[in-house]
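Keep in mind that what you see is a predicted model, and the values were worked out from it rather than measured. We use all heavy atoms of the structure for the numbers below, so side chains are in, but hydrogens, waters and symmetry mates are not.
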Amino acid sequence: LMLSSMNLGKKHLRSGTSRLAAFAYYSVLSSSSILTPAHCFSTTFASTTQPSRPFGIIHHRPNTKFATSQLANVRGGDSSSSIRKMSSTTTSSMTTNEDKTEDTTTPPSSAGDKLTKLRSLMKSHNVHAYIVPSDDPHLSEYVSAAYARRAHISEFDGSAGTALIGLEGAWLWTDGRYYNQAATQLDGNHWELMKGGLVDTPTIPKFLAGLASEFYKDGGEVFQIGLDPFVHSASFAEDVETALKDAASDFQDMEDMGEDDNEGSKGDFKLGELNTLDGQDNLVDTVWGEDRPQIPRSKFRVHPLEYAGMSVADKITKIREEMEEQHATLCIFPALDDVAYLLNMRATGDVDCNPVGIAYCTVSKDKTTLYCDAEHKIKSEPSVVSHLKEGCVTIAPYENIVEDIEQHIQGLRGEGSKSKKSKAKIWVDKSRCNYAIVRVIGKSNLLDKQNPVTPMKACKNEAELEGMRRAHIVDGVAMAQFMSWLEDKICNQRGSVSEVEIDRVLTGYRAKQPGFIEVSFPTIAGVGSNGAIIHYSAKEGDLMQCLDATKPILIDSGGQYLYGTTDVTRTWHFGGEDVITDEYKDLYTRVLKGNIGVDSMVFPENTPGFVLDVMARKSLWDDRKDYGHGTGHGVGAALNVHEGPFSISPRWGNKEVLKASMIVSNEPGYYRNGQFGIRIENLLEIVKMEKDEEEEGGKQFFAFEKLTLIPIQKNLINVKLLTDAELDWLNAYHAEVLEKVGPLLEDGDPGKEWLRKSCEKIER
């Protein structure tokens with residue numbers, strides 16, 4: 001393939017009879033590069049969408065190489081057609097609307113109108129492609145409506161995805177959670193879905209490099225890639241630049257075959273370059289116009305020490321100790337949950353479902369600075385003002401962050417000379433910081449590594465753990481009351497309930513619990529086929545379904561309480577034996593066995609999460625089944641429901657080890673498109689086991705303790721598939737649920753009777 005591509009490229013390079021030749025050759029040469037896996041929450045790896053969430057739940061199979069023949073199958077067609085959509089002969093002869101014959105058979109589309117306006121702006125700025133990520137300036141998983149630019153331009157509103165718009169083509173990358181949703185929401189007349197994480201799908205940097213190669217061949221000009229530096233991670237921008245550089249080198253190598261008159265040095269040759277459009281508004285904001293929501297300005301509140309477990313002063317002291325070890329002069333915390341954790345503050349309203357406020361924070365040897373809209377977020381709250389003063393925290397305008405970093409670097413250059421090398425050493429995690437900040441830090445001044453808050457936040461202290469335990473007990477109360485209501489509606493009244501009403505009623509029961517603030521993520525209540533849409537969110541409309549006794553429902557939900565955060569998934573079915581098939585029970589039981597398999601694991605120190613993932617899948621694999629998402633993610637303590645830096649998934653690239661006092665989800669599943677979804681999720685606390693005294697110098701071992709206290713539907717289980725140990729696990733779990741949740745339910749409460757029945761012992 002490589003030799004054929006080389007000969008093809010050499011023969012047809014300038015003839016134009018094979019425009020794809022150069023890209024084919026480049027793809028073969030670069031096939032030794034490993035494709036990065038798709039997103040997750042996250043959250044420290046590069047993804048096919050955006051690398052800003054190395055900690056999220058959804059990950060995919062190990063990285064896979066690709067060649068041009070595979071690229072051609074991205075949408076089952078000729079890859080050259082996709083590449084040519086982005087090409088034009090020269091900047092001066094870019095295709096305009098007047099040049100094209102309008103298709104009068106296609107009805108007007110809001111998606112098309114938005115793209116037309118955006119492309120007009122792109123042409124005015126001499127930009128050939130424009131990247132629109134899901135992110136805000138803090139690279140958050142969930143963003144406020146004001147930053148939902150990708151959702152606005154593409155009309156796909158899943159939490160993960162990146163749009164790439166060319167002068168003609170438009171592409172949307174997302175991960176396995178959202179394939180179905182994106183296929184439904186994207187206008188196929190204008191958008192092409194790129195299924196991130198699949199073998200045939202190139203990463204965005206690789207795809208852009210191919211487009212740049214094709215564009216240069218067509219017109220001999222550098223391909224301009226526009227982006228807003230505040231909403232892209234520095235590592236993503238670096239990946240794009242690396243891909244462009246590699247493509248240019250490979251392109252020149254091909255040009256040099258048999259050519260002795262090639263001019264210019266390889267180091268200077270470019271196929272494409274990033275254009276951050278400095279001084280310009282984000283182009284999507286201009287398209288959005290007056291309809292764009294305002295940036296939220298919710299007030300901060302103090303997170304009490306009884307729940308935080310560690311004072312701000314103590315946290316900052318610990319950070320400075322680590323900075324001293326790393327010889328760092330400044331540490332930057334751009335992630336909203338890092339700021340909230342460090343300063344023991346929370347907010348409600350800036351980002352739905354996440355108790356964080358829009359702000360940056362920096363720590364130097366003698367100063368801690370909070371960058372935010374102080375006028376609205378702090379000054380009217382005396383308790384917050386006092387709290388920050390007590391922690392010796394200085395407040396600065398939000399927009400000053402970049403300038404202050406530059407001044408810090410300049411201030412350590414030495415007196416009277418800009419030419420002297422600065423002694424500044426700035427500690428920031430490039431994968432979790434936007435490009436606008438990182439690009440002002442020179443390589444000699446940059447310390448790129450996981451910031452010191454990340455491990456502190458991941459390993460909960462005793463006060464945080466106690467708050468999480470309490471939150472799961474009251475969450476169990478809410479779920480028992482809700483399930484008794486739902487079962488009565490379906491089984492006794494023989495009625496039906498819409499997904500939207502289920503969401504509303506469940507949230508209502510949670511809201512009755514002490515300390516409830518809001519849900520911890522948009523509730524997933526998927527009836528029947530909607531349960532197979534992994535991150536489905538019910539809305540009034542054609543897709544919404546109603547639950548009755550003929551269909552199952554998958555409910556994934558959680559709450560934010562003053563003292564803790566919950567996240568639980570259960571799958572329910574209220575049909576009789578004539579409705580619930582043996583196959584469904586078999587699949588449900590295999591998912592349950594996966595949950596028990598992870599929960600029962602005992603593992604030694606220095607074990608990364610991916611080692612445990614196989615236990616969640618073994619029973620499904622035995623039946624040649626699998627699921628396309630990760631098994632576990634970290635969870636914050638009264639913070640974001642998705643937290644890192646660890647995960648449990650088949651993605652072997654995340655080598656963060658599991659440690660005591662981390663909290664992780666355990667959520668295997670199975671999904672059959674167009675029919676149903678099954679998922680069973682508990683949150684687990686990692687605990688130390690007693691060391692074996694007979695083992696001299698023996699390793700520390702760990703186990704899990706369950707936090708979630710909600711019964712598992714028993715009549716969906718094929719008991720014959722359970723081992724004795726698994727059946728004992730289930731009965732012990734239900735006994736624990738009844739013991740901890742039952743006393744909080746009053747006698748006569750229908751929820752208490754439902755809980756009692758649901759926790760009855762299963763006999764073989």
Task: From CA spacing to verdict: side chain to side chain contact (heavy atoms under 4.5 Å, CB included), H472, L683 - done: CA-CA 9 Å; H472 282 83; L683 296 193; 3.3 Å; yes
Give me the atom names and distance for the closest heavy-atom approach of [X] to [Y].
X: S134; Y: A160; value: OG-C, 3.8 Å
X: E656; Y: N654; value: N-OD1, 3.1 Å
X: S364; Y: R320; value: O-NE, 2.8 Å
X: F610; Y: K655; value: CE2-CG, 4.4 Å
X: N354; Y: Q560; value: CA-NE2, 4.5 Å
X: G634; Y: F646; value: CA-CZ, 3.5 Å

Nearest 0.5 angstrom please: [X] [atom1] to [Y] [atom2], how far?
X: L388; Y: C372; atom1: CG; atom2: SG; result: 8.0 Å
X: E241; Y: L274; atom1: CD; atom2: CG; result: 4.5 Å
X: L639; Y: D338; atom1: CG; atom2: CG; result: 9.0 Å
X: D239; Y: S431; atom1: CG; atom2: OG; result: 10.5 Å
X: M468; Y: E685; atom1: CE; atom2: CD; result: 9.5 Å
X: F236; Y: K430; atom1: CZ; atom2: NZ; result: 14.0 Å

May I ask you to decide if [Y]'s main-chain N or O and [X]'s side chain share a donor-acceptor pair within less than 3.5 Å?
X: T329; Y: K425; result: yes
X: Q700; Y: M689; result: yes
X: W427; Y: K449; result: yes
X: R617; Y: Y627; result: yes
X: T201; Y: K195; result: yes
X: N451; Y: T454; result: yes
X: R432; Y: A335; result: no
X: R150; Y: G158; result: yes
X: N344; Y: M310; result: yes
X: R301; Y: M345; result: no

Taking the side chain as every heavy atom from C-beta outward, state whether [X] and [Y] have any pair of such atoms under 4.5 Å apart.
X: N282; Y: F230; answer: no
X: L658; Y: L612; answer: yes
X: E667; Y: H633; answer: yes
X: P334; Y: V339; answer: no
X: F521; Y: S537; answer: no
X: Q450; Y: P455; answer: yes
X: T242; Y: P205; answer: no
X: R570; Y: I680; answer: yes

Between [X] and [Y], do the side chains contain an N or O donor and an N or O acceptor separated by less than 3.5 Å?
X: Y360; Y: T369; result: no
X: D350; Y: S298; result: yes
X: R439; Y: N434; result: no
X: Y733; Y: D599; result: no

- [ ] For a side chain to side chain contact (heavy atoms under 4.5 Å, CB included) with I648, tell me which candidate from D613, V611, L684 qualifies.
- [x] D613
Open item on the list: Quick check on side chain to side chain contact (heavy atoms under 4.5 Å, CB included): which of I319, T362, V363 does T368 satisfy it with?
Closed with: V363
Report the relative orientation of the aromatic rings in [X] and [Y]; use parallel for angles under 30°, tilted for 30 to 60°, perpendicular for over 60°.
X: Y307; Y: H303; value: tilted
X: H138; Y: Y398; value: tilted
X: Y561; Y: Y563; value: parallel

- [ ] Please lay out, stage by stage, how F702 and K688 fare under the test side chain to side chain contact (heavy atoms under 4.5 Å, CB included).
- [x] CA-CA 5 Å; F702 300 93; K688 286 184 178 181; 3.6 Å; yes
Open item on the list: Within a 6.0 Å radius of atom CD on E324, are there more than 12 heavy atoms belonging to other residues, nucleotides or ligands?
Closed with: no
Open item on the list: With a sphere of 6.0 Å drawn around NZ of K706, does it hold more than 12 non-hydrogen atoms of other residues, nucleotides or ligands?
Closed with: yes
Open item on the list: For D228, give me all partners under salt bridge (charged side-chain N to carboxylate O under 4.0 Å, His left out), at least two apart in sequence or on another chain.
Closed with: none
TODO: Decide, yes or no, whether a salt bridge links R469 with E466 under the criterion of side-chain N to carboxylate O below 4.0 Å.
DONE: yes
Task: Stepwise side chain to side chain contact (heavy atoms under 4.5 Å, CB included) test for T174 and L193 - done: CA-CA 8 Å; T174 191; L193 174 60; 3.9 Å; yes
TODO: Show your working on side chain to side chain contact (heavy atoms under 4.5 Å, CB included) between Y179 and L198 and close with a plain yes or no.
DONE: CA-CA 11 Å; Y179 292 165; L198 298 186; 3.6 Å; yes
- [ ] Among residues two or more places apart or on two chains, list those pairs meeting salt bridge (charged side-chain N to carboxylate O under 4.0 Å, His left out) that have a residue in residues 554-567.
- [x] D556-R679
Open item on the list: Given H535, which partner from the list Y178, Y142, Y671 fulfils the ring pair (Phe, Tyr, Trp, His ring centres under 6.0 Å) test?
Closed with: Y178
- [ ] Assert yes or no for the condition that the ring centre distance of F704 to F603 is strictly below 6.0 Å.
- [x] yes
